[in-house]
Amino acid sequence: MATTSYFQLHRCSPFPLSLSSRCSCPCRPSPSKTLVLTRPRPKLGHLDLLFDGNRRALGLGRNGALASRRLIAVSARAKPERLSEDNAHQEVHKGHKLSMNEDAVSEHQQKASQLKKRIFFGLGIGLSVGIVVLAGGWVFTAAVAAAVFVGAREYFELVRSHGITAGMTPPPRFVSRVCSVICALMPLVTLYRGQIDVSVTSAAFFVAMALLLQRGNPRFAQLSSTMFGLFYCGYLPCFWVKLRCGLAAPALNTSFGSAWPILLGGQAHWTVGLVATLISFSSIIAADTYAFLGGKAFGRTPLTTVSPKKTWEGTIVGLGGCIATSVVLSRIFCWPKSLLSVIAFGFLNFFGSVFGDLTESMIKRDAGVKDSGSLIPGHGGILDRVDSYIFTGALAYSFVKTFLPLYGV
C-alpha cells in the first residue's frame, strides 16, 4: 500500500490550507488514502508543485496531472518579490546615508555660523576693551566693576548648580547677591583709596558673620565657597585697576606719547600702567588664539583631565605666540627696555592665563555645564571670556612693581 501526499506552493503569502480525504486512485492496484493540501479557489496562472510521498511522481498543473519526472521546480515569480525586497533595503540604505549627509551638512553649517558669531563679537569686544583701556580712570574702573558684578553672579549660579550642590551646601541666595555687590564695589574702592586690603577683610568678616548667624545649620562649604567668590571675583580683578591706574609713571620712550592729542591727555597720558596693560591684554589674546590654532592643527596629547580639549602641542604654540607678541609690542612701545624682562613678562602672562582658564574649567566641570552663561553669543558668559585675566592682573602688577627697576623705563 502506498500513501501519497500532495501540497501546492504558490508565490503568494502563506495561505490557509484545507485537509480532505479522497478515494483511492484508480490507477493503483490497491485503494489508498490520500491527504491533499489545497488552496481554496486557486487563480489561473499559478504554478503548482505536487510532491509524491513515495517520490515516484511529480504533478504539475491545475488538474493534478502526474508527470514521470523527478524534478523540483521553483517558481520564477518569487524573483520579483526578492528584487522588491532588495530594492527596499537599498532605498532604506540610501535614505539613511542621505539623512547622515544632511545631518553632517547641518552640523557644518551650525559650526560655521557659530564661528562667525564668535569672530564678530570677539572683534567687537576687543575694540571696546581697547577703547576702555586707552580711556583709563573712571571709565576703565567702571567697566571692570560691571564685568566683576556679572562674573560674580555667574560664579554663584555655578556654585548653586545641581552638579555642585549634590556634594555640598551652597550659600543662601541673599548672601550670594550681597557678595556680588561687594565684588562690584571693590574696583571702585581700589581706584579711590589705592588699596583694597582693609576693605576685603572687612567684607569677608561681615559675610562670614551673616553665614554663621543664619537660620538652620551653617555649613563649612557655604563659608569656603563664599570666601573664594570674594577672592576670585572681587579681589583679584582689582589688580587690573592698580596696574592701569596706579602705575602713573610716564612711558617717556614710546613714540605714541609725543603724537597723542593734548585734548586726550598728551604725552602724560601714556604711562607705564597703560603700556603694561596693553601688552598684557594683547599677549593673553595671542596666547588663547595661538593655543586654539595649534591645538586644532597639531593637538594630540591632552594637557589635563580638567579640560580635555587642551593639548600640550597647543599650549606650546600658545606660549610661543604670547612671547612673540610681547616682544613685538615691547619694541613698538619701547617698554620695557630689557629683552629678558620682556620674555619673563610674556611667560608670566601666559601661565597666569592658562591657570585662570583651567580654574574656571574645573568649576564648570563640577557644575556640569559647558558655559558659565549665555550673555555673549558664541562666547558664553563673562567668566568664559575673562577667566584668563583673573590671575594675570595680580601677576603682571607684582612683576612690574617689584621686579622691574624704575618700572622698566
Side-chain angles (χ1 to χ4, degrees), residues 125-141 143-144 187 190-191 194 236-290 318-356 386 388-409:
I125 293 172
L127 181 61
S128 302
V129 170
I131 295 175
V132 168
V133 171
L134 286 174
W138 282 100
V139 177
F140 180 80
T141 306
V144 172
T190 302
L191 179 66
L236 290 177
C238 291
F239 282 94
W240 286 112
V241 178
K242 298 179 71 172
L243 178 66
R244 171 62 184 91
C245 306
L247 300 181
L252 300 176
N253 297 324
T254 178
S255 58
F256 288 90
S258 58
W260 194 252
I262 298 178
L263 294 177
L264 298 179
Q267 188 173 2
H269 182 76
W270 285 85
T271 61
V272 171
L274 172 58
V275 175
T277 304
L278 288 175
I279 294 178
S280 291
F281 275 37
S282 301
S283 61
I284 293 172
I285 295 174
D288 292 341
T289 304
Y290 280 99
L319 175 60
C322 180
I323 295 176
T325 303
S326 300
V327 172
V328 171
L329 291 179
S330 68
R331 292 296 172 260
I332 295 175
F333 294 121
C334 299
W335 183 94
K337 293 181 179 180
S338 172
L339 179 61
L340 182 61
S341 299
V342 176
I343 296 176
F345 194 52
F347 265 105
L348 204 62
N349 287 321
F350 175 77
F351 286 112
S353 67
V354 171
F355 183 73
V386 303
S388 299
Y389 299 82
I390 293 178
F391 290 96
T392 314
L395 297 176
Y397 176 79
S398 301
F399 179 79
V400 176
K401 181 77 173 179
T402 306
F403 296 99
L404 289 184
L406 295 178
Y407 302 159
V409 178

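Counting begins at 1 with the first residue of the sequence.
Residues that satisfy the ring-ring contact (aromatic ring centres under 6.0 Å, His included) test with F355, not counting sequence neighbours, are F391. With sequence neighbours left out, F281 forms a ring-ring contact (aromatic ring centres under 6.0 Å, His included) with W240, Y389.
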Side chain to side chain contact (heavy atoms under 4.5 Å, CB included) between V133 and L278, worked out: CA-CA 7 Å; V133 171; L278 288 175; 3.6 Å; yes

Step-by-step side chain to side chain contact (heavy atoms under 4.5 Å, CB included) determination, I279 to W335: CA-CA 9 Å; I279 294 178; W335 183 94; 3.8 Å; yes

Derivation and outcome, side chain to side chain contact (heavy atoms under 4.5 Å, CB included), residues S280 and F345: CA-CA 8 Å; S280 291; F345 194 52; 3.1 Å; yes

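Taking both residues in full, the closest heavy atoms of N349 and A396 are given as OD1-CB, 4.1 Å, listed atom of the first, atom of the second, then distance. Between L395 and G352, the closest heavy-atom pair is CD1-CA, 3.7 Å. Closest approach of C238 and P187 over heavy atoms only: SG-N, 3.6 Å. In terms of heavy-atom proximity, F350 sits nearest to A287 at CD1-CB, 3.7 Å. Closest approach of S341 and P336 over heavy atoms only: CB-CG, 4.2 Å. Across all their heavy atoms, T325 and A286 have their closest contact at OG1-CB, 3.1 Å.
The OG atom of S282 sits 5.0 Å away from atom CG of L329, with the distance rounded to the nearest 0.5 Å. Interatomic distance, OG1 of T392 versus CZ of F239, reported as 12.5 Å (0.5 Å rounding). A distance of 11.5 Å separates CG of L404 from OG of S398, quoted to the nearest 0.5 Å. Here OG1 of T277 is found 3.5 Å from CG of L243. Values are rounded to the nearest 0.5 Å. A distance of 9.0 Å separates CZ of F347 from SG of C322, quoted to the nearest 0.5 Å. Interatomic distance, CG of L339 versus OG of S330, reported as 7.0 Å (0.5 Å rounding).
Between V144 and R244 the shortest side-chain heavy-atom distance does not fall below 4.5 Å.
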Which side-chain N or O atoms in residues 264-276 pair as donor and acceptor under 3.5 Å with protein atoms at least two apart or in another chain?
unit_1, atom_1, unit_2, atom_2, d
H269, NE2, L134, O, 2.5
T271, OG1, L274, N, 3.3

